[in-house]
Amino acid sequence: ESTGVALSYIKSNAKIFGLDLKKLEGQTINIHFLEGALKKDGPSAGIAITTAIISLLLGKSIPKTIAMTGEISLRGDILKIGGLKEKLIGAFNDGVTLVYIPLANLPELDEIPLKILENMEIVPVGNYQEVFDKLFKTKKGN
């Protein structure tokens with residue numbers, strides 16, 4: 001379901017993202033989730049799935065030190081997720097230095113160990129456009 005929502009959102013905003021939908025005609029996008037993946041974590045991956053698809057279509061990779069979590073709506077809103085503390089600890093332990101989280105989860109940062117807060121940039125976002133602008137828009141002069 002998260003993949004379907006991500007694809008629908010991307011297609012309806014193709015012009016904003018600089019995508020040519022004609023390139024997708026007759027194409028199939030297959031996304032494989034490992035067998036050991038937790039089904040309840042699927043919605044939390046909406047923002048990451050959206051980013052992965054846009055990254056592929058634009059041919060722009062995202063550094064492995066960047067992570068994100070959040071359910072995405074058909075309008076691109078980033079919705080609250082569960083298990084933020086565990087996800088941030090896991091990301092930190094994997095060497096992530098920047099993570100995008102839902103704005104609605106901001107109050108939960110009080111529960112995050114200080115070591116993580118001091119060593120990881122945590123960026124709360126309310127809509128996917130914020131993520132797209134930071135990851136994919138080129139800055140003037142570059």
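- Residues Lys80 and Ala104 share a closest heavy-atom pair of CB-CB, 3.8 Å.
- Neither Ile49 nor Leu79 shares a network with the other; the hydrophobic side chains, linked directly or stepwise wherever heavy atoms of I, L, V, M, F, W or Y lie under 4.5 Å apart, form separate groups for each.
- A side-chain contact (heavy atoms from CB on, under 4.5 Å) with Glu121 is found for exactly one of Leu117, Val123, Asn119, namely Val123.
- In the hydrophobic cluster analysis, where Ile, Leu, Val, Met, Phe, Trp and Tyr join through side-chain heavy atoms closer than 4.5 angstrom, Leu21 is grouped together with Leu7.
- Looking only at side-chain heavy atoms (C-beta outward), Ile101 and Leu84 come within less than 4.5 Å of each other.
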Audit row: Leu19, Leu57, side-chain contact (heavy atoms from CB on, under 4.5 Å) steps and yes/no: CA-CA 7 Å; Leu19 302 173; Leu57 296 174; 3.7 Å; yes
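- Residues Leu56 and Ile62 are members of separate hydrophobic clusters, defined by side-chain heavy-atom contacts under 4.5 angstrom among Ile, Leu, Val, Met, Phe, Trp and Tyr.
- Shown here for Thr65 and Gly95, the closest heavy-atom pair between the two residues is CG2-O, 3.8 Å.
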Audit row: Asn127, Glu130, side-chain contact (heavy atoms from CB on, under 4.5 Å) steps and yes/no: CA-CA 6 Å; Asn127 188 280; Glu130 299 169 61; 4.0 Å; yes
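- In plain terms, the two heavy atoms of Gly18 and Leu58 that are nearest each other are O-CD2, 3.9 Å.
- Taking each heavy atom of Gly46 and Ala6 in turn, the nearest pair found is O-CB, 4.5 Å.
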Steps toward side-chain contact (heavy atoms from CB on, under 4.5 Å) verdict (Thr50, Val131): CA-CA 10 Å; Thr50 302; Val131 177; over 6 Å; no
Leu98 vs Met120, side-chain contact (heavy atoms from CB on, under 4.5 Å): CA-CA, chis, key distance, verdict: CA-CA 6 Å; Leu98 184 148; Met120 182 185 285; over 6 Å; no
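- Atom NZ of Lys15 is separated from atom CG of Asp20 by 11.0 Å, given to the nearest 0.5 angstrom.
- The aromatic rings of Phe132 and Phe17 sit tilted relative to each other, their planes meeting at an angle between 30° and 60°.
- When each of Ile122, Leu135, Thr69, Ile78 is paired with Tyr100, the side-chain contact (heavy atoms from CB on, under 4.5 Å) condition holds for Leu135 and for no other.
- Paired with Tyr9 under the rule side-chain contact (heavy atoms from CB on, under 4.5 Å), one option of Ile54, Ile53, Asp77, Ile72 passes, and it is Ile72.
- Closest approach of Leu74 to Ser8, counting heavy atoms only: CD2-CB, 3.7 Å.
- Nearest heavy-atom pair, Gly70 versus Pro102, reported as atom, atom and distance to 0.1 Å: CA-CG, 3.7 Å.
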Steps toward salt bridge (charged side-chain N to carboxylate O under 4.0 Å, His left out) verdict (Lys87, Glu108): CA-CA 12 Å; Lys87 290 172 183 168; Glu108 296 173 43; over 6 Å; no
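- One side chain, Tyr128 or Thr51, offers a donor N or O that lies under 3.5 Å from an acceptor on the other.
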